[in-house]
Amino acid sequence: MKSLLNIEEHPLEPFLPANAKLLMLGSFPPQKKRWSMEFFYPNLQNDMWRIFGIIFFQNKEHFLNPDKKGIALYDTASAVRRLQDNASDKFLEVVEQTDISLLLKQIPMCKAIVTTGQKATDIIREQIKVKEPVVGTSEPFEFEDRIMRLYRMPSSSRAYPLPIEKKSAIYRIMFNELGLLNE
C-alpha cells in the first residue's frame, strides 16, 4: 500500500469558458517554486506562451508581458505524488485523474482536446475511446453527441528537442483546422 504522504492537490481551478472550442490538457503544473504567474504553464522555462505569442501575435514575447492575459487550460491529473523534485511527467505518480467528461460537459462548444505529453495522452485514452495520434496530428472520437478530435502536439518544454519556430508551425496547423485563427 502506497503512502498518502506528499500528495499534491491541483493548485488551480479549471477555467472553462462556455464558448471554448478547444480543451488543452497538460499533466500537472510544476512546483510552486518554479511559478512566475498564477496560471497554467507558469514556469517561463516552458515555451507554451511563446508558441501562442508567435501564432496569434507574431511576437513570442506577447504573453510574457505581465499586463496581458493568457488562455485557459487544465490538466489530466487532479492530485499527484512527485517521485523526484522536478516537473517531469516521468516522475509524476497520478493519484487522482481529472474527470475529462465532466470538463467537456461544461464546455458544449468544444470541438477538440489537445495534449502535449505522453502521460496526459494516456490518461485521455483511458477515459475516452480514441486512437493515439502521432505527434503533430489528431484522431477523431465521439463524446456524447459530439464528433471531436484529440490532437497530440509537441511538448512545449525546452527539453523537447524541436526549435520553437517548428513547434509553433505545428500548433498553427491545429489552430487553423479548428478555425481559431479566424476569430
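Just so you know, these numbers use all the heavy atoms, side chains as well, and skip hydrogens, waters and symmetry mates.
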Test: side chain to side chain donor-acceptor pair (under 3.5 Å). Region: residues 97-106. Which pairs qualify, not counting sequence neighbours?
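Qualifying pairs: Ser78-Thr98, Gln97-Glu126, Gln97-Gln127.
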Worked verdict on Glu8 versus Arg82 for salt bridge (charged side-chain N to carboxylate O under 4.0 Å, His left out):
CA-CA 8 Å; Glu8 285 183 55; Arg82 290 186 199 279; 2.5 Å; yes
Given the rule that I, L, V, M, F, W and Y join up when any side-chain heavy atoms are under 4.5 Å apart, are [X] and [Y] in one cluster?
X: Val94; Y: Leu25; value: no
X: Ile113; Y: Leu16; value: yes
X: Ile164; Y: Ile173; value: no
X: Met24; Y: Met109; value: no
X: Leu23; Y: Ile123; value: no

Grab the two heavy atoms, one from [X] and one from [Y], that are nearest each other, plus how far apart they are.
X: Thr121; Y: Gly117; answer: OG1-O, 2.8 Å
X: Tyr74; Y: Leu103; answer: CD2-CD1, 4.0 Å
X: Gly26; Y: Ala120; answer: O-CB, 3.6 Å

Check whether any side-chain heavy atom of [X] sits under 4.5 Å from a side-chain heavy atom of [Y], and report yes or no.
X: Cys110; Y: Phe143; answer: no
X: Leu22; Y: Val114; answer: yes
X: Ser168; Y: Glu165; answer: no
X: Met148; Y: Glu142; answer: no
X: Val80; Y: Glu93; answer: no

Is there a donor in the side chain of Tyr151 and an acceptor in the side chain of Glu177, or the other way round, less than 3.5 Å apart?
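Present: a donor and an acceptor within the cut-off.
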How many angstroms lie between atom [atom1] of [X] and atom [atom2] of [Y], to the nearest 0.5 angstrom?
X: Arg158; Y: Lys167; atom1: CZ; atom2: NZ; answer: 8.5 Å
X: Leu92; Y: Leu83; atom1: CG; atom2: CG; answer: 7.5 Å
X: Leu178; Y: Lys21; atom1: CG; atom2: NZ; answer: 9.0 Å
X: Leu162; Y: Ser157; atom1: CG; atom2: OG; answer: 12.0 Å
X: Ile107; Y: Asn19; atom1: CD1; atom2: CG; answer: 10.0 Å
X: Lys60; Y: Gln58; atom1: NZ; atom2: CD; answer: 14.5 Å

Any chance you could lay out the ring pair (Phe, Tyr, Trp, His ring centres under 6.0 Å) test for Phe52 and Phe57, step after step, and finish with the verdict?
CA-CA 8 Å; Phe52 281 19; Phe57 298 96; over 10 Å; no
Donor-acceptor list for residues 129-137 side chains, cut-off 3.5 Å, not counting sequence neighbours:
| from | atom 1 | to | atom 2 | distance (Å) |
| --- | --- | --- | --- | --- |
| Glu132 | OE2 | Gln118 | NE2 | 3.0 |
| Thr137 | OG1 | Val134 | N | 3.1 |
| Thr137 | OG1 | Val134 | O | 2.6 |

Can you list the residues that meet the side chain to side chain contact (heavy atoms under 4.5 Å, CB included) rule with [X], with sequence neighbours excluded?
X: Ala79; answer: Ile7, Glu9, Val95, Glu96
X: Arg172; answer: Ile54, Ile55, Asn176, Leu181
X: Ser156; answer: Tyr41, Asn46, Met48, Ile51
X: Pro161; answer: none

What's the verdict on side chain to side chain contact (heavy atoms under 4.5 Å, CB included) for Ile128 and Leu104, showing C-alpha distance, side-chain angles and the deciding distance?
CA-CA 11 Å; Ile128 296 171; Leu104 289 174; 4.1 Å; yes
Side-chain donor or acceptor of Tyr160 paired with backbone N/O of Thr116 under 3.5 Å
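Not confirmed, Tyr160 side chain does not pair with Thr116 backbone.
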Verify side chain to side chain contact (heavy atoms under 4.5 Å, CB included) between Thr76 and Lys119, making sure each step is shown before the conclusion.
CA-CA 8 Å; Thr76 56; Lys119 187 173 292 286; 5.6 Å; no
Criterion side chain to side chain contact (heavy atoms under 4.5 Å, CB included) on Thr115 and Met153, from CA distance to verdict:
CA-CA 6 Å; Thr115 60; Met153 293 289 105; over 6 Å; no
